[in-house]
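Data block below; observations after.
Counting begins at 1 with the first residue of the sequence. In what follows, every heavy atom counts, from backbone to side chain, and hydrogens, waters and symmetry copies are set aside.
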Amino acid sequence: EHVIWRMENGELDGHKPKAICLMIGTNNTWHYDESQEAPCDTVLGIRSCIDTIRRKSPKTKIFLFAILPIGRTGSDPKRARNAVVNDAMRELCDGENVIFCEINNQVMDCNGNYNEDVSYDAAHLSTPGYQIWAKNLLKLIKPIFYPDDTPEYSRPLSQAGEDWWLERLYETRCATVSVVSSRPSLVFFGDDLAQGWEDQGQEAVQEYFSRRKIVNLGFEGDAIAQML
C-alpha cells in the first residue's frame, strides 16, 4: 500500500525507465499475521503495483523478484506463507513485459537455511547478498541496455570486459540524472584519461575544482565510436 501510494503521488511522474526491479511483500509478511492479511491479499497488492507501473510507464520492463526467505531456517512459519505468495507471483508475469526472478536458492544452503554470510539477520541482505543480487540483475538488464544487435563498432574495447562497461554506464547515468538537475559546471568526457580524474586525478580535482559540480563520463578503453 505504501509503494502504491508513492507511485500515485508523484514518485514515477516524469520518469520512463527502461527497467524496474521490483521487490515488495516482505514487510506485509513481517508486520501482519495471516489473520490480518492473507497471502492472496498480498498478491493482489503486488498485482496493483505492477498495474500502476504499467499504466504510468507502459514500455518499462518489470523484473519482479520473489520475496526473499525470512528466518534463519526453513521451519520459520513465515517461509511457508511467502512460498504461497511467490508461487502466485509467477502467474502475474508474462515473461515479456513482467518477468519473474528468483535468487532464493542462491542465498540458502541445501537444507533451506539462510547462509549467514549473505544475511546478517535472516531477513536483510549483507554486502555479499547484494553482490549475488547484482550479478543476477546485471544478466537480466544487459539485453535491454546492450542488445545483441548493437553494432560491433560500438562494443566496448575495455580489457575489463563488457560487464564492467555496462555497470559503469549504469552508474554514470544515475549520477548524471542526479547532478544534471543541479546543473554541473564541469563534465569529464572521453576515455581512460578522462576517467582517471576519479583516481589519480582526484587530488587535483579537490585542489582546483572542489567547488564545482562535476560529472565524470570517462570510460576506460573507449574510442570515438563508443563515445558517440
Review point. Any Lys/Arg nitrogen of Arg90 or Glu102 sitting under 4.0 Å from an Asp/Glu carboxylate oxygen of the other?
Key: yes
Practice item. Please check if Tyr130 and Met108 belong to a single hydrophobic cluster, counting links between Ile, Leu, Val, Met, Phe, Trp and Tyr side chain heavy atoms closer than 4.5 Å. Key: yes
Review point. Side-chain heavy atoms under 4.5 angstrom apart, residues restricted to Ile, Leu, Val, Met, Phe, Trp, Tyr: same cluster for Val84 and Ile70?
Key: no
Check your understanding: For Val118, does its backbone N or O pair with a side-chain atom of Ser126 as donor and acceptor, under 3.5 Å?
Key -> yes
Exercise for review: Could you grab the distance from atom CG of Leu193 to atom CD of Gln200, nearest 0.5 Å is fine?
Suggested key: 11.5 Å
Check your understanding: Atom SG in Cys49, atom CE in Met23: separation rounded to 0.5 Å?
Key -> 13.0 Å
Check your understanding: Is there side-chain contact between Tyr114 and Leu68, with at least one heavy-atom pair below 4.5 Å?
Key -> yes
Check your understanding: Between Asn86, Ile99, Ile50, Ile53, which is the residue that forms a side-chain contact (heavy atoms from CB on, under 4.5 Å) with Leu64?
Key -> Ile50
Point to revise | CG on Asn216 to CH2 on Trp197, rounded to 0.5 Å | key: 10.0 Å
Check your understanding: Looking at CG of Asp33 and CZ of Arg81, how far apart are the two atoms once the value is rounded to the nearest 0.5 Å?
Key -> 7.0 Å
Review point. Would you call Asn115 and Gln106 a side-chain contact if the rule is heavy atoms closer than 4.5 Å?
Key: no
Check your understanding: Which is it for Leu137 and Phe65 under the side-chain contact (heavy atoms from CB on, under 4.5 Å) test, yes or no, and what are the steps along the way?
Key -> CA-CA 10 Å; Leu137 183 58; Phe65 276 82; 4.1 Å; yes
Check your understanding: When rounded to the nearest 0.5 angstrom, what distance separates CG in Asp76 from CG in Asn113?
Key -> 11.0 Å
**Study point:** Closest non-hydrogen atom pair between Glu116 and Arg72, with its separation
**Key:** CA-NH1, 3.5 Å
Exercise for review: Could you verify whether a donor N or O on one side chain and an acceptor N or O on the other, from Thr29 and Asn82, lie under 3.5 Å apart?
Suggested key: yes
Review point. Taking it one step at a time, do Arg55 and Asp51 satisfy side-chain contact (heavy atoms from CB on, under 4.5 Å)?
Key: CA-CA 6 Å; Arg55 173 165 49 83; Asp51 291 344; over 6 Å; no
Review point. Same cluster for Val85 and Ile24 if Ile/Leu/Val/Met/Phe/Trp/Tyr side chains link at under 4.5 Å?
Key: yes
Review point. Would you say the side-chain atoms of Arg79 pair up with the backbone N or O of Gly71, donor to acceptor, closer than 3.5 Å?
Key: yes
Practice item. Without swapping roles, check the side chain of Thr60 against the backbone of Ala19 for a donor-acceptor pair under 3.5 Å. Key: no
Review point. Between NZ of Lys59 and NZ of Lys18, what distance do you get to the nearest 0.5 Å?
Key: 12.0 Å
Practice item. Quick one: do Val43 and Glu91 satisfy side-chain contact (heavy atoms from CB on, under 4.5 Å)? Show the steps, please. Key: CA-CA 10 Å; Val43 175; Glu91 303 301 317; over 6 Å; no
